[in-house]
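A note on names: the letters A, B, ... follow the listed sequences, proteins ahead of strands, and every chain is numbered from 1.
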Amino acid sequence: MFRILILQSSSLTFDLMAERGVALSGEVEYRRRIREELLSKNINPYPHKPIFQPQSLKSILENPVEGAEVALAGRVAGVRRHGGLVFLDIIDDGLRIQASIDKSKTGEIFDFFTRYVDLGDFINVKGVLYRTKRGELTVEVRGLQLLAKSLRAPPVKYGHRLVDPEVRYRKRYLDIMMTPEVRRILEIKFRVLEETRKFMWSKGFIEVETPVIQPIYGGAEARPFKTHVWALGVDWYLRISLELHLKRFIIGGFNKVFEIGKVFRNEDIDAQHNPEFTMMEAYQAYADYNDIMNLTEELISHLAEKVVGKRVVEVPVGEVRERIDLTPPFKRITMYDAFREFAGVDVERLSDEEIRDLLAKNSIQLAGGYDRGRAIVKLFDKLVGRRHLIQPVFVMDYPRSSSPLAKPHRYNPELAERFELFIAGLEIANAYTELNDPVLQAEYFKAEEERRRRGDEEAHPFDWDFVEAMEYGMPPTGGLGVGLDRVSMVLAGVSSIKEVIPFPMMK
RNA sequence: GGGCCCGUAGCUCAGCUUGGUAGAGCGGCGGGCUUUUAACCCGUAGGUCCCGGGUUCAAAUCCCGGCGGGCCCGCCA
């Protein structure tokens with residue numbers, strides 16, 4: 001019943017491991033000996049395919065028929081021996097089933113299992129479904145094949161959490177393997193990506209792609225990653241946003257485009273930030289930021305419904321778990337009104353002197369010199385900030401000078417038509433009525449360049465090529481950027497962005 | 001960048017204040033056990049006490065420096 005395959009030279013890998021300085025604990029040595037023994041008996045510990053064509057565990061569990069013969073494959077996650085009867089847990093694709101091997105019925109299989117199969121090994125079994133005294137659906141094993149020998153024991157019992165964050169994130173496969181909850185949270189992230197695509201497609205947006213490696217970066221305020229392009233002998237950058245290239249699609253004549261992709265910002269790593277993260281940006285011709293606001297709240301509530309099946313979620317904010325209602329319409333408030341409502345400050349009427357005082361009082365320093373608009377945004381973060389923006393809220397109408405890619409407000413040239421969506425204190429989305437006047441755009445880039453000269457490393461570099469594109473004519477456009485990692489945090493109810501990034505950046 | 005806390009067996013942690021033979025539970029291995037499911041019972045192996053330096057007759061323990069991690073603050077979309 002076991003396939004006989006080629007014997008391999010086995011001392012080689014052993015030497016390699018020793019050379020690499022890999023510690024061979026007693027456990028690993030023990031399992032290596034089992035592997036050698038199997039090879040010496042012409043039993044391949046790593047066959048190419050299961051003998052018993054495995055069904056998905058999902059299909060077995062969906063419609064279990066007692067007495068039916070089934071075959072499956074999976075990892076041995078638990079073993080409970082009772083003399084001549086052994087119960088084992090097999091996990092396959094995130095699901096678990098129990099199997100049993102009865103010595104009195106299948107002595108050969110029983111002996112093989114107890115001799116050669118350890119926790120963590122992949123096996124292929126066929127058998128008959130029955131229910132134990134306790135009523136648990138179980139496969140009575142009638143055929144067994146070892147599919148892959150594991151040389152290291154699982155670090156914890158299946159279902160138990162790995163505690164050390166260092167191990168959890170660096171060896172994420174173990175975290176995913178051992179803890180169903182970890183898998184569930186990551187699946188929320190992946191479903192967010194999937195449902196965002198479906199939603200945008202259903203709205204008539206075309207998914208496009210734009211370059212990651214660029215001679216000039218832009219579309220956000222951030223320090224970029226630099227990378228060397230060997231073929232050209234130049235240093236270019238990894239993108240910090242998708243914005244400027246997606247707008248080129250609009251200029252080129254695509255009316256509704258979106259992209260889901262990684263962007264890279266050379267900044268701190270903490271509970272809300274990972275240097276590479278996933279953005280969805282969308283641009284729609286003939287729309288303004290009001291249309292985009294409607295689209296955004298529809299997207300968020302759609303994701304809540306499709307991904308977690310509910311519109312009210314619980315999210316940890318500081319010490320408490322907040323109940324957050326994602327049912328639209330979301331609250332909409334202008335930034336100035338938010339200042340009045342949450343901080344009791346009428347920022348609109350403050351003189352520049354008073355604003356400078358407030359900056360000093362809150363020990364805020366502005367890179368690149370004083371600018372009223374930028375100062376107000378900083379004060380907003382400080383005075384209103386996270387603690388007041390728990391339920392979904394669109395904060396609208398930012399000071400114009402803080403938003404060099406947005407169109408000035410139709411009723412007030414001091415403001416830009418821009419909004420940000422906050423949920424659970426997290427900045428979730430950022431959107432504009434896009435600037436499409438190339439002369440203003442050039443002017444704003446120039447101001448950014450000036451600010452850069454004064455020492456603000458995060459000011460936008462002047463993108464001549466983009467201005468030239470706009471000079472050919474760009475329709476009025478609404479644009480949106482959504483941080484999908486943060487959306488996933490809200491839906492999964494977790495407080496660290498690392499939870500929703502499979503392999504977060506580690507020092 | 002600042003403050004606080006942590007680093008000891010595969011995992012979770014005790015021991016450190018008061019310096020004197022390296023500990024527990026789980027896991028592993030061996031044995032027992034035919035309806036368990038964090039199975040149970042008996043036995044047993046397993047250690048660069050994060051690294052380096054200092055004090056001391058003697059350092060896991062005290063001191064200094066470093067590395068790694070966590071939380072809070074600052075910075076930051």
Side-chain angles (χ1 to χ4, degrees), chain A residues 21 23-31 33-34 77-90 96-107 110 114 118-120 130-138 140 151-171 174 178 219-223 240-241 243 263 265-275 277 279 318-319 362-367 377-378 380-382 385-386 398 402-403 418 420-422 426-431 456-458 481-483 485-486 495-498 506-507:
Chain A
L24 292 175
S25 70
E27 174 71 13
V28 174
E29 279 174 35
Y30 167 79
R31 289 179 180 231
R33 279 200 301 278
I34 298 290
V79 176
R80 293 174 293 282
R81 284 201 51 187
H82 297 265
L85 182 67
V86 56
F87 289 99
L88 48 146
D89 299 323
I90 300 174
R96 175 199 158 276
I97 194 169
Q98 176 168 270
S100 64
I101 304 173
D102 189 328
K103 186 172 189 175
S104 69
K105 293 179 186 159
T106 53
F110 183 91
T114 50
D118 292 298
L119 230 45
Y130 74 105
R131 289 197 183 270
T132 63
K133 281 182 185 170
R134 298 264 178 106
E136 174 156 359
L137 189 70
T138 303
E140 158 79 44
L151 295 187
R152 294 174 187 270
V156 293
K157 284 193 182 184
Y158 178 69
H160 288 231
R161 281 183 170 280
L162 289 173
V163 173
D164 186 350
E166 182 73 5
V167 175
R168 283 196 55 206
Y169 297 127
R170 274 195 208 283
K171 305 189 178 187
L174 291 175
M178 305 317 294
E221 287 191 10
R223 229 184 309 256
I240 61 171
S241 84
E243 176 154 357
V263 299
R265 301 188 181 176
N266 214 336
E267 288 166 353
D268 259 4
I269 304 170
D270 62 32
Q272 283 87 41
H273 301 83
N274 194 64
F277 62 100
M279 291 261 288
E319 299 294 297
N362 290 284
S363 53
I364 299 169
Q365 292 181 355
L366 279 186
V377 173
K378 287 276 186 191
F380 180 80
D381 289 343
K382 188 82 180 185
R386 305 199 169 118
Y398 282 53
S402 71
S403 312
R418 171 185 183 181
E420 291 192 302
L421 171 63
F422 293 87
L426 295 169
E427 186 192 329
I428 298 288
N430 184 20
D456 186 349
E457 288 182 70
E458 300 193 341
V482 183
D485 310 276
R486 295 204 176 150
S495 57
S496 170
I497 200 168
K498 286 186 167 68
M506 302 290 284
K507 208 171 180 178

Could you go over nucleotides 25-27 of chain B and give all protein N or O partners under 3.5 Å, atom names and distances?
| from | atom 1 | to | atom 2 | distance (Å) |
| --- | --- | --- | --- | --- |
| G27(B) | OP1 | K157(A) | NZ | 3.0 |

Closest-nucleotide 5' rank along RNA chain B - winner of V167(A) and E221(A): V167(A)
For E136(A), which contact category applies under a 4.0 Å heavy-atom criterion: base, sugar-phosphate, or nothing? base
Using a heavy-atom cut-off of 4.0 Å across all strands, would you classify E458(A) as base, sugar-phosphate, or nothing? sugar-phosphate
Under 3.5 Å for both donor-acceptor distances, Watson-Crick or wobble: does A60(B) have a partner, and if so which one? none
Under 3.5 Å between N/O atoms: give me all the protein pairs with nucleotides 2-8 of chain B, atom names plus distance.
none

Strictly by Watson-Crick or wobble contacts shorter than 3.5 Å, is anything paired with G19(B), and which nucleotide is it? none
Distance, C1' atom - from G27(B) to C11(B), rounded to whole angstrom: 7 Å
What nucleic acid atoms does Q98(A) come within less than 4.0 Å of, heavy atoms only: base, sugar-phosphate, or nothing? base
Paired with U35(B): which nucleotide, if any, by Watson-Crick or G-U wobble criteria at under 3.5 Å for both distances? none
Counter-base of U44(B), judged by Watson-Crick or G-U geometry with both distances under 3.5 Å: G28(B)
Within the 4.0 Å limit for protein heavy atoms, which parts of nucleotides 30-35 of chain B are touched? Write it as a string from 5' to 3', B for base, S for sugar-phosphate only, - for none. S--BBB
Counting only Watson-Crick pairs (N1-N3 plus N6-O4 or O6-N4) and G-U wobbles (N1-O2, O6-N3), all under 3.5 Å, who is the partner of G1(B)? C73(B)
H273(A) or V156(A): which one's nearest nucleotide on RNA chain B is closer to the 5' end? V156(A)
May I ask you to evaluate whether R80(A) reaches the phosphate of A39(B), defined as a side-chain N or O under 4.0 Å from OP1 or OP2? yes
